[in-house]
Number of protein chains: 4
Amino acid sequence: MSKSTSKRQEAAVQRRQAILDAALEIFAEDGFAAARLDDVAEKAGVAKGTIYLSFKDKEDLFEQLLISAVAPVLDRMEALTGEPELSLDRLLQGLFELFRTQVLGTPRQEVIRLVITEGRRFPRIARIYHREVISKGSEIVRRVAQAAHRRGELSSDELARFPQLVFAPMVLAVIWGSVFSRIEPLDVEGLLAAHRQVLTRTATKRSSRS
Amino acid sequence: MSKSTSKRQEAAVQRRQAILDAALEIFAEDGFAAARLDDVAEKAGVAKGTIYLSFKDKEDLFEQLLISAVAPVLDRMEALTGEPELSLDRLLQGLFELFRTQVLGTPRQEVIRLVITEGRRFPRIARIYHREVISKGSEIVRRVAQAAHRRGELSSDELARFPQLVFAPMVLAVIWGSVFSRIEPLDVEGLLAAHRQVLTRTATKRSSRS
Amino acid sequence: MSKSTSKRQEAAVQRRQAILDAALEIFAEDGFAAARLDDVAEKAGVAKGTIYLSFKDKEDLFEQLLISAVAPVLDRMEALTGEPELSLDRLLQGLFELFRTQVLGTPRQEVIRLVITEGRRFPRIARIYHREVISKGSEIVRRVAQAAHRRGELSSDELARFPQLVFAPMVLAVIWGSVFSRIEPLDVEGLLAAHRQVLTRTATKRSSRS
Amino acid sequence: MSKSTSKRQEAAVQRRQAILDAALEIFAEDGFAAARLDDVAEKAGVAKGTIYLSFKDKEDLFEQLLISAVAPVLDRMEALTGEPELSLDRLLQGLFELFRTQVLGTPRQEVIRLVITEGRRFPRIARIYHREVISKGSEIVRRVAQAAHRRGELSSDELARFPQLVFAPMVLAVIWGSVFSRIEPLDVEGLLAAHRQVLTRTATKRSSRS
DNA sequence: AATGAATGAGGCTTCATTCAT
DNA sequence: GATGAATGAAGCCTCATTCAT
């Protein structure tokens, strides 16, 4: 009859989440090395020692943080995979929409930034991100691009060979937002729309011929 | 012409450069916060105190380092600007060649990485990079893209509005090399060649019609 | 006689004893300062807070532990006192037997070790040990040695003046067991037998003369 | 021509020694675990960080401290070894004199105390002490005791088999000084004199017979 | 009474910066 | 100028103690 999670367990989970949320903010702001756990604790509203109830050390907190942020993005992306014969244009629409609504201006943007800035020094995180996000995203693009190419929708196979080309402007957008946006704001939506046009107009070429 | 640079002054300049070279390696390896001036001094073959003869503090060393790395890239890039009516394809060829030979596998790659990873926390550097590299590079692309569009070589003005689209894969290549290349190597030359095809095929479309 | 000890009270007593037993092991293993109450609680099978129901703080637990370990040894030793005109040899036999069976390889050995290693920083414990064990043991030896001397059984009064000489090898045995036994095992029984021979042969001298 | 030790080197050595001296006092007072390097630094008159110029960490400081204290004692003891056919009585006189003048009331007493109290948790130190002090001291006693036994000077071979019997009262004296002397002072000189009488009187027995 | 999550003071250690030589 | 030993502020982490449940 009893809910399987007691109040105490719930509180613990909430507390853990509060720490993760605070940690994301602090790590994103200062980077791993310069971030202070004091600040994380204060922002999370807990004592310093409390962090160590859930995490072995600073590095563990950082890794758990990034790992815990992978799952949600994934789920969304895999929804896109469902449709079998997706047109490239629809796929790009879906991906960019996902990026706009689920990443831009959200904590997930910070997660990506941290993978970019700290991934080199955290191989485990790089590996997880590659396995769970990069390779799956690439696979979807590759599959759709190949189908489009087969159907004559795409004149060539560049996107099938380098799915990274699809994601490159999103990566740039994240970095720009972090480094240059205060100097020269970037219209990310415009950028992605233009990118989509560039990529799909390629497709239109041959089809316009026929 | 002047003989005013004594041997002693030359030695001082060399020493300063040795420190800058060492600093780039160390900062690139560990990031600003985690880098240790001990390591910089050792790699430069000088005593720790010597660093402070040329640089006010760690932050100053970091900024001088990135600033000193801007000029050379710039010079090269401005050579491209010389030619008045460059075709887009030739521009891309030039830019990618510049990237391949002058950036990939060189210390400049590390400079770009540092701007990406640390730029947020060093607004002065972000501003300098934006002013000296980003805005000038964008301007070149913009100009050539507009001319190509006017000539009907490009069907639309996306690249003129978002020159960043040209650079995005290079940014991605730098990050990939730092984070994921040990997991899945990236054929950067192939990537850039594919990127060029995508961008220029767009141009071909309408011109093939006419 | 009284039925006043309820099951609950019994359980509390048992719990307290479990904590004391666990504490002895942990303190003996790590020393007072390095011992962790977490470990004590775990070994005792209670929660950490439970310790504080019986003991004011870590120091109190430590003192109670050593105090509670004094009584039993005492009782045994006082049994030896009973016999009025004990020969020195018989006394030594008794003492060494007591040491062999009641101390060696038992938790009491650890108690002695703790008095040796921590006594300096716990004057109250030193005082209790001195009053309850040292002075009483010395008194017994002194009395018997004096009687033996008076009877001409002992040629001199060294043992009466320095009863510590009787106990020194036992102290050494405890320390050796803690520090050097893994490097060079010590045959404690042999040591004590040899010690007894040394001490009593002294006694034989004059008696062999007469 | 120049002295091989520069002033700077001398200062460094002196500073290192000051740290070692301070460390001995602090470690002896508080024990390894409870000792604070802040206190060591303050007593040595240096900053906290200075300790780490000479020692890797707290443990290293502790080990170096005890190791550095071995050599001098050793040298003295080996002087005793020189004489080939030492009588037992003369050996004991020598050893006890050495103890009285070189150990009692000196920092070396604290070193021995630390070996006794911390040796269990520092196997390396236990091993070094055993190899450099214990085994050599035992060897000397063993050799002299055997010769004395062979000459009929000693009626039995207990001391040859258990040289520890010779040292036991010294060990006891060190511990007593640390734990009980404030409660009941111990006349260490008297104790050792009595001990010598006990040990040598044993010898007299048979020789008085012959 | 018993629990164990939460607390936060305190210690070890690192490292940017200084300064006497 | 050049050095590198010395400094001490600051951060991570532990653990005795408390307290809400």
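All values reported here derive from a predicted model rather than from experimental measurement.
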Nearest whole Å is fine: how far is [N] [atom2] from [X] [atom1]?
| X | N | atom1 | atom2 | value |
| --- | --- | --- | --- | --- |
| Ile51(A) | dG8(E) | CD1 | P | 13 Å |
| Ile19(D) | dT13(E) | CD1 | C1' | 15 Å |
| Glu42(D) | dG11(E) | CD | P | 12 Å |
| Lys58(D) | dT14(E) | NZ | P | 15 Å |
| Asp60(D) | dT13(E) | CG | C1' | 14 Å |
| Lys56(B) | dA16(E) | NZ | C1' | 12 Å |
| Gln14(C) | dA1(E) | CD | C1' | 16 Å |

Problem set entry | Lys/Arg N to Asp/Glu carboxylate O, Glu29(B) vs Arg121(A), below 4.0 Å | no

Problem set entry | Nearest-nucleotide 5' precedence on DNA chain F, Arg15(D) against Glu59(C) | Arg15(D)

Problem set entry | Along DNA chain F (nearest heavy atom to each residue), the more 5'-positioned of Leu37(C) and Val46(D) |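 Going by which nucleotide is closer to the 5' end, it is Val46(D).
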
Problem set entry | 5′-ward residue of the pair Gly45(C)/Asp57(D) relative to DNA chain E | Gly45(C)

For this session: With DNA chain E as reference, determine whether Asp38(B) or Gly49(C) sits nearer its 5' end, using the nearest nucleotide of each.
Result: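 The residue whose closest nucleotide sits nearer the 5' end is Gly49(C).
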
Side-chain polar contacts of residues 45-53 of chain D - donor-acceptor pairs under 3.5 angstrom, sequence neighbours left out - could you list them?
unit_1   : atom_1 : unit_2   : atom_2 : d
Lys48(D) : NZ     : Asp38(D) : OD1    : 3.4
Thr50(D) : OG1    : Ala47(D) : O      : 3.3

For this session: With heavy atoms under 4.0 Å as the rule, sort Leu53(D) into base, sugar-phosphate or nothing.
Result: base

Problem set entry | Sugar-phosphate, base or nothing in reach of Ala35(C), heavy atoms under 4.0 Å |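 Touches sugar-phosphate only.
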
Exercise. Distance-only, no hydrogens or angles: does the Glu118(A) side chain make a donor-acceptor pair with backbone N or O of Phe32(A) under 3.5 Å?
Worked result: yes

Mind checking whether [X] and [Y] have side chains closer than 4.5 Å, heavy atoms only?
| X | Y | result |
| --- | --- | --- |
| Lys58(A) | Phe27(A) | yes |
| Leu114(D) | Phe62(D) | yes |
| Leu24(B) | Val111(B) | yes |
| Phe55(C) | Leu20(C) | yes |

Problem set entry | Stems where DNA chain F pairs, listed by first number, each of three or more Watson-Crick or G-U pairs under 3.5 Å | E:2-21 with F:2-21

Exercise. Taking 5' to 3' order, which nucleotide of DNA chain F is first and which is last to have an atom within less than 4.0 Å of a heavy atom in chain A?
Worked result: dG11(F) to dT21(F)

For this session: Check if the side chain of Lys48(D) and the base of dG11(E) share a donor-acceptor pair of N or O atoms closer than 3.5 Å.
Result: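 Counting by modelled atom types and ignoring angles, no donor-acceptor contact under 3.5 Å is found here.
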
Exercise. Under 3.5 Å, is there a donor-acceptor pair linking the side chains of Ser54(B) and Arg16(B)?
Worked result: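 Side-chain D/A pair, Ser54(B) to Arg16(B): absent.
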
Exercise. How long is the gap from CD1 on Ile175(B) to CD1 on Ile112(A), to the nearest 0.5 Å?
Worked result: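 Going from CD1 on Ile175(B) over to CD1 on Ile112(A), the span is 11.0 Å.
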
